[in-house]
Amino acid sequence: DINGGERSYVSAGTPVESSEVRGAQLANNIESYMASAGVSYVNIVGHSQGGLDARKAARVLRQRKGYRVVKNLVSISSPHRGSPVAKYILDNYAGTIAETLANFYGNVVYGAGNNAIAAMKTLMYNDADPNDGVITGLAAFNAAYPGGSDDVMNARSLMTAQNGGDVNPLLWLVSNAIYNIDGEGYCAGDCDNDG
């Protein structure tokens, strides 16, 4: 239901940070766009962590504006149930997490405002450290920002490359050479704590 008169806007924020921070940045960017474009509603498409950020942004925008600003939210390959890769990196490379991510994503990881540890703590399912006084993980994030009909008129989530060899080469390398990125399968509450 997107007509030819619709415009697109690409938002930019801190590339490596928690979805709490990135989602708030996205909400600010969308609100600025809405004011300059004179629009009352938006559609959001988010890839990977961007799908999580979009759910936070939708909640923030509804709270600020008093109505559901986001008509359609589409997330593509977003880890709504957690990422075993994030848990694996935190468990095995916490001391060198920035260097580990920099090997995958380049020097953007070292840019000002980036927080690789916060990003990984957002992307794992359970709280990274229940004794540190900071609640992290997608179990808590999902409870706070469910992306439901209160915040979004229509929501869809698509997963890509689930069958066959049609997968991102980086994920293929991680899954075959380093770690089983599929974990032990999803169950409510991440029963085996594999992310």
Output yes when a side-chain donor or acceptor of Arg81 lies under 3.5 Å from a complementary backbone atom of Tyr125, and no otherwise.
-> no
Sidechain-backbone polar pair: Asn29 side chain, Ala12 backbone, donor-acceptor under 3.5 Å | yes
Salt bridge (charged side-chain N to carboxylate O under 4.0 Å, His left out) pairs, two or more places apart, involving residues 37-46 = none
Give a yes or no on whether Val60 and Leu73 share a hydrophobic cluster (residues Ile, Leu, Val, Met, Phe, Trp, Tyr; joining criterion: side-chain heavy atoms under 4.5 Å apart).
-> no
Would you confirm whether Thr136, through its side chain, and Ala128, through its main-chain N or O, come within 3.5 Å as a donor-acceptor pair?
-> yes
Nearest heavy-atom approach of Arg22 to Pro15 is NH1-O, 2.6 Å
Look only at the side chain of Thr122 and the backbone of Ala118, and say whether a donor-acceptor pair between them is shorter than 3.5 Å.
-> yes
Any donor-acceptor N/O pair, Thr14 side chain to Glu17 backbone, under 3.5 Å | no
At their closest point, which heavy atom of Asn72 faces which heavy atom of Val152, and how far apart are they?
-> C-CG1, 4.5 Å
Ser83 side chain to Ala86 main-chain N or O, any donor-acceptor pair under 3.5 Å?
-> yes
Taking all atoms of both residues into account, what is the closest heavy-atom pair of Pro79 and Gln49, and its distance?
-> CD-N, 4.3 Å
Verify, without hydrogens or angle tests, whether Tyr33 (side chain) and Ser8 (backbone) share a donor-acceptor contact under 3.5 angstrom.
-> no
For Arg156, look at atom CZ and say whether over 12 heavy atoms of other residues, nucleotides or ligands are found less than 6.0 Å away.
-> no
Do His80 and Ser75 meet the criterion of a side-chain donor-acceptor pair at a distance under 3.5 Å?
-> yes
Quick one: do the Tyr145 and Lys56 side chains pair a donor with an acceptor below 3.5 Å?
-> yes
Of Asp151, Val42, Ile44, which is the lone residue that meets side chain to side chain contact (heavy atoms under 4.5 Å, CB included) with Val69?
-> Val42
